[in-house]
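Working notes, beginning with the structure itself.
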Amino acid sequence: MDKRSLLKDKKRIVVKIGSSSLTHEATGNLNLAKMEKLVRVLTDLKNQGKDVVLVSSGAIAVGRKTLGLNTRPAEKSVKQACAAVGQAKLMMVYEKLFAEYNQIPAQVLLTKYTMLDPVSRRNAENTFDELLKLGVIPIVNENDTVATDEIEFGDNDTLSAIVAALIHADLLILLSDIDGLYTDDPHKNPDAKFIELVEEIDENLARMGKGSASDVGTGGMATKISAARVATDAGADMMIANAENVGIIEEIIKGEPVGTLFLAHKNINFSLLDYLQES
Ligand code: GLU
């Protein structure tokens, strides 16, 4: 049976979008047309009766633009100041766009500490449950303003997989600036082949995940593969797809042949805490 035909039945979906997909490459300004469409597509998933969580990057990128800094800040305190400014602005834009469709978004900022501590992890889980019960669309990011180098998720690919595991999502969609996983870096190797389906993440596959770090985001293919390990171990399918047209989310749910699909293989020994402690 075509595994993709089962995607329409997914009930709890986490969608992650990165900074480079949310902003215009030439100016660093927000790509409002894309955000608008993303908000419409997510609302429509909710209208189909699904629980929807958005993991959105962009705090640092938006903050840096707002503060008139032309380059990606290297200093931690500057990044954290940018995140404080940018996160508020990002939420303001999401609030406005979701309001058009009568949706209530909520901001959930997480740190690795939140996830490592059993009490705050349970609190976070309960909050997500309650928000979803109330029909809210949680918008998640790392709390970059207080995260420290020693203990941070660092990239939202990992964070979104952890959120998917925490809330028992059955599908995680990573929207990226690439169509999915290739056998090699397609920008450098014209013979690189596209991989449509991954049933098992082995070492060979992990090697294919060459870095593709961009100027504005932090995730590369390697972080996506490690996110896939967490999500699929926790029992969620994961999809990497191109964010160029966010309507691709609808195509994914319809089972159309887009993106790379990593199949869930619920590992009963999987423990989110063990994973967090080791990473
Ligand atoms: N949390 C960071 C931000 O919102 C982005 C992390 C990432 O690019 O994965 O700016």
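Both ligands and their constituent atoms are indexed starting at 1 by order of listing. Scope of the values below: all heavy atoms of this structure, side chains included, with no hydrogens, waters or symmetry mates.
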Can we say [X] and [Y] salt-bridge, meaning some charged N sits less than 4.0 Å from an Asp/Glu carboxylate O?
X      : Y      : result
Asp237 : Arg4   : no
Glu130 : Lys133 : yes
Lys224 : Asp157 : yes

Which of the ligand 1 atoms, numbered from 1, are nearer than 4.0 Å to a heavy atom of Asp155: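 The list of qualifying atoms is 9 (O).
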
For Ile60, the ligand 1 atoms whose distance to one of its heavy atoms is below 4.0 Å: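 Per the distance check, 3 (C), 10 (O).
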
Geometric class of the Phe194/Tyr182 ring pair [parallel <30°, tilted 30-60°, perpendicular >60°]: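 Perpendicular, since the angle between the ring planes exceeds 60°.
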
Polar side chain donor-acceptor pair, Thr223 to Ser226, under 3.5 angstrom: no

Taking distance alone, with N or O pairs closer than 3.5 Å, would you say [X] contacts ligand 1?
X      : value
Asp144 : yes
Asn141 : yes
Gly58  : yes

Candidate with minimal heavy-atom separation from atom 5 (C) of ligand 1, of Ser56, Ala59, Ser57: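 Shortest heavy-atom distance from atom 5 (C) of ligand 1: Ser57.
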
